[in-house]
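Please read the structure below before turning to the comments.
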Amino acid sequence: MKRFIIALMILALTATSCSPTTSKTTQTTQNDTNPVIETIMSRRSIRAYKDQAVPREILQQIAECGINAPNGMNAQQWEVRIVDNAEWIASATKSYVESVKGTPSEKMVSGEGFKNMFRNAPAVIFIAHKPGRCTQVDCGLMAGNMVLAAKSLGLGTCCMMGPLGFFSTPEGKEFLSSMNLSEGYELLLSVGVGYPDEEPAAKPRNKEVIKFVE
Ligand SMILES: Cc1cc2nc3c(=O)[nH]c(=O)nc-3n(C[C@H](O)[C@H](O)[C@H](O)COP(=O)(O)O)c2cc1C
């Protein structure tokens, strides 16, 4: 019996030492079963939303996921402002529509289904940074966390830089000052958030850009 147990132990040891735990070829991908990967792969930019407000606790949670992103030297040179006030959004949009008359953006604001300047989102999260070596990357990672957190909670999002130019125009100044950003901070990115009313197909990605270096 003793000999049999020893033989079994030797067999088990040999088996584990011969099968590498990570193999380049045999490890399976988990797109179907891993919820994080599923969220990443199915997220799309949303530009049509249901007429349904997003609860503040959810917006807060998304923002907190944002500020948990990795950031250079943990300097956290960023600020977040959340606007879910329909009047604020409507009023900014009204001024924006006036300001883009006669410019290429006029087409976007007069298109079918246009509700507001934030690609129709009922809530917008503004990300500002104090410009520094890492801050644009930091804020991009923050936005990445936000869009994925939102997606996992059943919400749609769209990252937007387009509308931000408005906030440095004379018409946009009052809206910018209502954000009360700290001295030295500038708007970098906005993220529209709401309950999606469309399911756009994924835009093709070029996998050729990914290469292993041997
Ligand atoms: C930094 C950044 C700025 C963007 N600005 C805008 C924008 O101003 N308006 C817009 O409709 N989409 C904007 N987008 C969304 C992109 O168009 C979108 O992510 C891209 O087409 C890929 O589509 P997907 O997000 O559905 O995968 C922006 C995205 C990023 C990351």
Side-chain angles (χ1 to χ4, degrees), residues 31 35-50 54 62-63 65-67 69-72 77-83 89 92-93 95-97 99-100 103-169 171-172 175-176 179 185-210:
N31 295 16
V36 177
I37 291 176
E38 207 281 320
T39 300
I40 291 170
M41 299 308 271
S42 61
R43 180 215 56 83
R44 304 274 66 92
S45 291
I46 298 299
R47 299 179 179 90
Y49 297 90
K50 292 189 177 132
V54 184
I62 293 168
C65 287
I67 61 168
N71 64 99
Q77 301 281 284
W78 51 32
E79 286 190 351
V80 178
R81 297 291 180 269
I82 306 170
V83 178
I89 291 174
T93 299
S95 295
Y96 176 75
V97 169
S99 73
V100 298
T103 75
S105 302
E106 189 173 12
K107 206 172 138 215
M108 193 264 281
V109 303
S110 53
E112 205 189 317
F114 177 80
K115 283 188 188 165
N116 71 48
M117 63 186 284
F118 303 107
R119 289 290 189 192
N120 310 316
V124 191
I125 302 179
F126 291 94
I127 300 174
H129 71 143
K130 190 174 189 179
R133 199 165 77 87
C134 300
T135 55
Q136 293 205 12
V137 177
D138 297 343
C139 291
L141 289 165
M142 171 192 269
N145 271 15
M146 287 179 179
V147 297
L148 294 175
K151 170 75 186 168
S152 77
L153 295 167
L155 289 151
T157 55
C158 185
C159 290
M160 294 166 289
M161 290 187 88
L164 299 186
F166 168 72
F167 295 98
S168 49
T169 65
E171 297 83 8
F175 298 97
L176 179 66
M179 292 186 207
Y185 279 75
E186 297 171 5
L187 287 180
L188 184 64
L189 190 57
S190 60
V191 182
V193 186
Y195 290 96
D197 200 19
E198 63 171 355
E199 280 184 39
K203 290 180 183 158
R205 286 341 200 230
N206 174 17
K207 288 191 191 174
E208 298 300 313
V209 299
I210 307 169

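When a ligand or atom number is given, it counts from 1 through the structure's own listing order. This structure is a prediction, so every number in the text was calculated from the model and none was measured.
Checking side-chain atoms of D197 against main-chain N and O of A48 turns up no donor-acceptor pair under 3.5 Å. In this structure, R205 contributes its side chain and K203 its backbone to a donor-acceptor pair below 3.5 Å. Between the side chain of R43 and the backbone N or O of K151 there is no donor-acceptor pair closer than 3.5 Å.
Scanning the protein heavy atoms around atom 20 (C) of ligand 1, the nearest turns out to be K203 NZ, 4.0 Å. The protein heavy-atom contact nearest to atom 7 (C) of ligand 1 is M160 CA, 3.7 Å. Among protein heavy atoms, the minimum distance from atom 17 (O) of ligand 1 is reached at R47 NH2, 3.3 Å. From the protein, the heavy atom lying nearest to atom 26 (O) of ligand 1 is S45 N, 2.8 Å. Of all protein heavy atoms, the one closest to atom 31 (C) of ligand 1 is C159 CB, 4.1 Å. Nearest to atom 5 (N) of ligand 1 among the protein's heavy atoms is M161 N, 3.1 Å.
For R47, there are no salt bridge (Lys or Arg N to Asp or Glu O under 4.0 Å) partners, not counting sequence neighbours. Remark: Y185 pairs with no residue by the ring pair (Phe, Tyr, Trp, His ring centres under 6.0 Å) rule, at least two apart or across chains.
The contact set between ligand 1 and R44, taken as ligand atoms under 4.0 Å from a residue heavy atom, comprises 26 (O), 27 (O). Counting atoms of ligand 1 from 1 in the listed order, those under 4.0 Å from a heavy atom of C158 are 10 (C), 11 (O), 12 (N).
Of the candidates P204, G162, A201, A202, G162 brings a heavy atom nearest to atom 8 (O) of ligand 1.
Shown are F175, F167, W78; of these, the ring-ring contact (aromatic ring centres under 6.0 Å, His included) with F126 is made only by F167.
Residue contacts with ligand 1 include R205, since one of its heavy atoms falls under 4.0 Å from the ligand.
Contacts with ligand 1 closer than 4.0 Å are made by side-chain heavy atoms of R119 only, the backbone lying farther away.
Between N116 atom CG and Y49 atom OH the span is 9.0 Å, to the nearest 0.5 Å.
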CA sep, side-chain torsions, deciding dist, call: V80, M142, side-chain contact (heavy atoms from CB on, under 4.5 Å): CA-CA 10 Å; V80 178; M142 171 192 269; 3.6 Å; yes

